[in-house]
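Taking it in order: structure first as structure tokens, then the write-up.
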Amino acid sequence: MKLNDPELFRQQSYIDGQWCDADDGSVLAVTNPFDESAVGTCPSLGAVEVRRAVAAAERSGEAWRRKTGKARGEILRRWYELVKENINDLALILTTEQGKPFAEAHGEILYAASYIEWFLEEAKRSYGDVIPQTQSDKRLFVIRQPIGVCAAITSWNFPSALITRKVAPALAAGCTIVVRPPNETPHSALALAELAERAGVPAGVFNVLTGDPVIIGKELTASPVVRKLTFTGSTAVGRLLMEQSAPTVKKLSLELGGNAPFIVFDDAELDAAVEGLIQSKFRNSGQTCVCANRVFVHEAIFDDYVNKLTAKVSRLKVGSGLEKEVNQGPLINSRAVDKVDRLVQDAVAHGAKVIVGGKRHAHGGNFYEPTLLTGVTESMQLANEEIFGPVLAIAKFSSEDEVLRLANECEAGLSAYFYTESASRIWRVTEALEYGIVGANAGVVSSEVAPFGGIKQSGIGREGSKYGLDEFMELKYMCQGGF
Ligand SMILES: NC(=O)c1ccc[n+]([C@@H]2O[C@H](COP(=O)([O-])OP(=O)(O)OC[C@H]3O[C@@H](n4cnc5c(N)ncnc54)[C@H](O)[C@@H]3O)[C@@H](O)[C@H]2O)c1
Ligand SMILES: O=C[C@H](O)CS(=O)(=O)O
């Protein structure tokens with residue numbers, strides 16, 4: 001990996017402003033999903049190192065909290081500027097350890113930086129309230145205060161954005177944080193820590209621990225010093241972390257799994273609906289929590305829509321993320337390929353028809369063919385699981401009531417999409433869909449200015465937006481008497 005600034009490629013954990021190895025010297029290997037070649041190594045920390053990081057976060061908290069929001073924002077602005085200045089190196093590190101095409105990785109770094117920019121501005125806006133008193137001898141006030149030491153555990157599919165989406169609001173709020181990035185993509189998080197240190201984030205305020213998720217997770221959730229856990233990952237692990245956090249009653253932000261319906265009504269603008277579905281489904285080779293997972297197309301426009309879709313899917317280019325014309329990289333590992341193939345073969349065995357793809361790619365390794373299936377029914381596994389791969393699963397529907405029932409029959413509640421030219425239907429369907437995020441005539445909707453998060457079993461809380469800072473703050477009510 002040829003970086004302009006090789007110092008950004010860090011192979012140590014970052015605790016209390018120091019780059020460090022595991023106490024016992026153990027390491028974990030990081031590989032390139034394109035060809036399983038070695039990318040680097042990181043320490044595999046134990047419980048003692050985790051406690052050291054939590055203690056550093058606690059020790060540094062008082063001075064960080066005492067800074068004004070504006071002063072914290074000025075340090076975050078320097079971090080934002082350094083991320084933008086080093087975007088090419090950060091994108092190259094990201095593509096090398098995660099596999100997504102360089103152009104997408106570049107876009108992710110911009111997206112990651114946008115969360116730093118948003119929250120450095122929000123840092124000076126944690127307003128309180130003066131409440132009109134109900135007794136003449138009293139005055140009532142509400143102030144917002146940082147919750148304290150936070151822990152963050154993130155997923156590999158957005159190695160940079162998922163880090164800044166948590167660290168930026170935590171630091172802006174006046175909290176300190178201990179981050180455990182995924183073992184698949186630790187170098188992106190460590191590079192962000194390197195730039196945060198250069199920006200002037202004090203020692204102990206932002207710590208990055210690499211190593212066994214179970215060991216680190218147990219320490220972070222059990223620690224009474226950690227007052228907040230923010231997790232991005234599967235619903236199954238989210239449930240486990242909730243359980244582990246219960247004894248210390250932590251404040252939780254959970255960004256969990258999705259199972260997005262994508263509905264094309266008979267009055268949809270078809271070319272826009274095709275483009276929106278391609279963008280939603282094949283971003284990161286289908287490995288995003290908000291990818292279209294179940295596609296419902298009205299019977300009246302079904303053949304025309306599927307023909308247009310077939311042409312687009314057939315033109316997707318699979319290969320190395322470093323090849324310019326490639327728009328579909330490898331999946332993260334062989335287990336991911338096995339899962340996607342299991343879902344496709346199950347669907348075919350139960351009557352689905354393969355229109356495009358339908359099997360492991362000739363490139364071998366972690367590659368899977370961009371796939372288009374029709375004749376999908378809700379009894380098939382892929383209708384009830386997150387595919388997390390480049391597979392479009394299409395079903396036909398005939399009425400709005402029928403498709404809303406099908407779309408909502410799901411424990412997930414993260415994102416949903418639909419295309420229609422009817423203004424009244426836009427509001428009727430938006431209000432009826434049981435999801436935290438709804439795209440109406442839009443297939444990619446995420447933004448730092450909008451609240452990102454799910455309902456039902458897709459999580460708790462929101463990231464980004466004017467709501468995001470509150471995830472890291474507590475409200476305090478003060479009643480002043482004696483007037
Ligand atoms: N809602 C969102 O914003 C969002 C964003 C990205 C991914 N996701 C979801 O994440 C899943 C894919 O990511 P994944 O495979 O990394 O999920 P995962 O839940 O397997 O892992 C997520 C993180 O948790 C760690 N982890 C695993 N087991 C743990 C344990 N017992 N204790 C502590 N940490 C543990 C992992 O090492 C990783 O860092 C999908 O379900 C996807 O929808 C959701
Ligand atoms: O899947 C992870 C991300 O949250 C998706 S997005 O880039 O924020 O849409």
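Computation of the quantities below employed the complete heavy-atom set of this structure, encompassing side-chain atoms and omitting hydrogens, waters and symmetry-equivalent molecules. Both counts, for ligands and for their atoms, begin at 1 and track the order of listing.
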Before accepting this row, confirm whether a basic side-chain N of the pair K308/D271 lies closer than 4.0 Å to the acidic partner's carboxylate O. yes

Ligand 2 contact by E108, heavy-atom criterion under 4.0 angstrom: no

Taking the six-membered ring of F452, is the NZ or CZ of R165 close enough (under 6.0 Å from the centre) and on axis enough (within 45°)? yes

Distance filter under 4.0 Å to F158 heavy atoms, resulting ligand 2 atoms: 1 (O), 2 (C), 3 (C), 5 (C), 7 (O)

Check: N284 main-chain N/O paired with E104 side-chain donor or acceptor under 3.5 Å: yes

Would the distance check show the side chain of K250 and the main-chain N or O of V226 forming a donor-acceptor pair, the cut-off being under 3.5 Å? yes

Which is it for N157 and ligand 2 at heavy atoms under 4.0 Å: side chain, backbone, both or neither? side chain

For the backbone of A56 and the side chain of D16, can you confirm whether one donor and one acceptor N or O come within less than 3.5 Å of each other? no

Under 4.0 Å between heavy atoms, the region of F158 that gets near ligand 1 turns out to be neither

At a non-hydrogen distance cut-off of under 4.0 Å, which region of K218 contacts ligand 1 (side chain, backbone, both, or neither)? neither

Show the atoms of ligand 1 that are less than 4.0 angstrom away from any heavy atom in G257. 41 (O), 43 (O)

Name the closest protein heavy atom to atom 2 (C) of ligand 1, giving the residue it belongs to and the distance to 0.1 Å. C289 SG, 3.3 Å

Kindly compute the distance separating CG (N333) from OG1 (T31), expressed to the nearest 0.5 Å. 8.0 Å

Using the ring of each side chain (for Trp, its six-membered ring), is Y111 parallel, tilted or perpendicular to Y115, with breaks at 30° and 60°? perpendicular

4.0 Å heavy-atom contact, N183 with ligand 1: no

For atom 17 (O) of ligand 1, find the nearest protein heavy atom and state the residue, atom name and distance (0.1 Å precision). S234 N, 3.4 Å

From the options N333, L240, L241, V237, select the one whose nearest heavy atom is closest to atom 31 (N) of ligand 1. L240

P182 neighbourhood, listing ligand 1 atoms whose heavy-atom distance to it stays under 4.0 Å: 39 (O)

Taking N or O atoms only and a 3.5 Å limit, does T288 qualify as a polar contact for ligand 2? no

Atom 8 (O) of ligand 2 has as its nearest protein heavy atom Y111 OH, 2.7 Å

Give the minimum heavy-atom separation between Y368 and P390, together with the two atoms involved. O-CG, 3.9 Å

When you measure from the centre of the six-membered ring of F472, is the NZ or CZ of K228 closer than 6.0 Å and no more than 45° off the axis? yes

Carboxylate-amine/guanidinium proximity below 4.0 Å for R405 and E409: yes

Would you say C289 has any N or O atom under 3.5 Å from an N or O of ligand 2, going by distance alone? yes

Minimum-distance protein heavy atom relative to atom 15 (O) of ligand 1: W156 NE1, 3.2 Å

Considering the heavy atoms of L414, write down every atom of ligand 1 situated less than 4.0 Å from one of them. 1 (N)

Below 4.0 Å from ligand 1: does a non-hydrogen atom of R165 turn up there or not? yes

Using a plain distance cutoff, I'd like to know if E386 has any nitrogen or oxygen under 3.5 Å from a nitrogen or oxygen of ligand 1. yes

In terms of residue, atom name and distance, what is the protein heavy atom nearest to atom 38 (C) of ligand 1? T154 O, 3.2 Å

Could you tell me the residue and atom name of the protein heavy atom closest to atom 5 (C) of ligand 1, and the distance to it rounded to 0.1 Å? T232 CG2, 3.1 Å

Starting from atom 24 (O) of ligand 1, which protein heavy atom do you reach first, and at what distance in Å? F231 CE1, 3.3 Å

Closest to atom 44 (C) of ligand 1 (heavy atoms only, candidates I332, L256, N284) is L256

Ligand 1 contact by F452, heavy-atom criterion under 4.0 angstrom: yes

Quick check: does any side chain N or O of R180 sit under 3.5 Å from a backbone N or O of G211, one acting as donor and the other as acceptor? yes

Using a 4.0 Å cutoff against the non-hydrogen atoms of S155, which atoms of ligand 1 qualify? 7 (C), 12 (C), 13 (O), 14 (P), 16 (O)

Any non-hydrogen atom of E184 lying under 4.0 Å from ligand 1? no

shortest atom 9 (O) of ligand 2-to-protein heavy-atom contact is with S446 OG, 2.5 Å

Write out the residue and atom name of the closest protein heavy atom to atom 37 (O) of ligand 1, then the distance separating them to 0.1 Å. R180 NH1, 3.0 Å

Relative to the ring of Y14, is the ring of F206 parallel (under 30°), tilted (30 to 60°) or perpendicular (over 60°)? perpendicular

Got a donor-acceptor contact below 3.5 angstrom from the H350 side chain to the D346 backbone? yes

Atom 7 (O) of ligand 2: which protein heavy atom is closest, and how many Å away? R283 NH1, 3.0 Å

Are K312 and E275 ion-paired here, with the side-chain N under 4.0 Å from a carboxylate O? yes

Identify, by atom number and element, the atoms of ligand 1 in contact range of F388, meaning under 4.0 Å from any of its heavy atoms. 12 (C), 40 (C), 42 (C), 43 (O)

Shortest heavy-atom approach to atom 7 (C) of ligand 1 - which of T288, N157, N259: N157

Have a look at S253, G233, P213 and point out the one with the heavy atom closest to atom 10 (O) of ligand 1. G233

Nearest non-hydrogen protein atom, atom 4 (O) of ligand 2: R165 NH2, 2.8 Å

Could you walk me through whether F388 and W156 pass the ring-ring contact (aromatic ring centres under 6.0 Å, His included) check? CA-CA 12 Å; F388 236 60; W156 49 264; 5.7 Å; yes

Classify the ring geometry of H361 against H363: parallel below 30°, tilted from 30° to 60°, perpendicular beyond 60°. tilted

Can you check atom 21 (O) of ligand 1: any protein non-hydrogen atom closer than 4.0 Å? no

Under a 4.0 Å N-O cut-off, is there an ion pair linking E463 with K166? yes

Flag, side chain of W118 to backbone of S465, donor-acceptor distance under 3.5 Å: yes

Heavy-atom distances under 4.0 Å decide this one: backbone, side chain, both or neither, for Q287 against ligand 2? neither

Check E386, R294, E411 against N259 for a side-chain hydrogen bond (donor to acceptor under 3.5 Å, both in side chains) and give me the one that passes. R294

Atoms in ligand 2 with a heavy atom of V290 nearer than 4.0 Å: 5 (C), 9 (O)

Determine whether the aromatic ring centres of F418 and F296 lie less than 6.0 Å apart. no

